[in-house]
Amino acid sequence: MNEIECMIDDIAAEIVVLLMTKRNMSFLEAIDTVYTSDTYSKLCDKETGLYYQSPKYVYSFLEHELLTGVMG
């Protein structure tokens, strides 16, 4: 696994924890929410550079997506 993939995995894991604490989601619900989101797709797209951002910053995009149905 390369460095970028590790960064993406770390951010995704932290977002799962944020969903569990802030939205009272179960572990499985949080995992499903992250990995099926447009936000995660953008996080994995190396062209966006989103993987260089903080987990809370990326989480803000997911929050917007969950509220509006569109990535912020």
Side-chain angles (χ1 to χ4, degrees):
M1 184 179 292
N2 70 35
E3 184 178 339
I4 292 173
E5 290 168 343
C6 286
M7 292 168 74
I8 291 168
D9 286 347
D10 289 345
I11 291 171
E14 291 191 44
I15 291 173
V16 166
V17 172
L18 287 168
L19 286 171
M20 291 170 58
T21 57
K22 293 182 179 273
R23 291 188 150 244
N24 296 319
M25 289 186 179
S26 70
F27 176 71
L28 292 177
E29 186 179 17
I31 289 271
D32 185 57
T33 299
V34 170
Y35 289 104
T36 60
S37 69
D38 288 337
T39 301
Y40 182 73
S41 295
K42 295 292 184 191
L43 177 63
C44 291
D45 181 354
K46 294 174 182 137
E47 298 281 322
T48 67
L50 199 55
Y51 57 89
Y52 275 120
Q53 303 301 319
S54 74
K56 287 187 178 180
Y57 180 75
V58 178
Y59 177 78
S60 71
F61 284 96
L62 181 58
E63 272 287 305
H64 185 269
E65 181 180 344
L66 293 173
L67 292 173
T68 65
V70 178
M71 185 178 160

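It should be emphasised that the depicted structure is a prediction, and the values quoted were computed from it without experimental measurement.
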Near Y52 OH, under 6.0 Å, is it more than 12 heavy atoms from other residues, nucleotides or ligands? no
For D45 and T48, which heavy atoms make the closest approach, and how far apart are they? O-OG1, 2.9 Å
Non-hydrogen atoms of A30 and M25 that approach each other most closely: CA-SD, 3.9 Å
What about I8 and V17, same hydrophobic cluster or not, with Ile/Leu/Val/Met/Phe/Trp/Tyr joined at side-chain heavy-atom distances under 4.5 Å? no
Of all heavy-atom pairs linking I11 and Q53, the shortest is CD1-O, 3.5 Å
Count I, L, V, M, F, W, Y as connected when their side-chain heavy atoms are under 4.5 Å apart, and connections chain through other members. Are L62 and L28 then in the same cluster? yes
Starting at CZ of R23, measure out to CG of L66 and round the result to the nearest 0.5 Å. 4.5 Å
Closest non-hydrogen contact found for Y51 with M7 is O-CE, 3.5 Å
Run the side-chain contact (heavy atoms from CB on, under 4.5 Å) check on L50 and F61 step by step: do they pass? CA-CA 10 Å; L50 199 55; F61 284 96; 4.1 Å; yes
Nearest 0.5 Å, please: how far is CD1 in I4 from SG in C44? 11.0 Å
Rounded distance (nearest 0.5 Å) linking atom CG of L19 with atom CD of E14: 12.5 Å
Would you find a donor on one side and an acceptor on the other, under 3.5 Å apart, between the side chain of E65 and the backbone of S37? no
Is there a side-chain contact between T39 and Y59 (heavy atoms, below 4.5 Å)? no
CD1 on I31 to OG1 on T36, rounded to 0.5 Å: 11.0 Å
For M20 versus S26, what's the shortest heavy-atom pair and its separation? CG-O, 4.0 Å
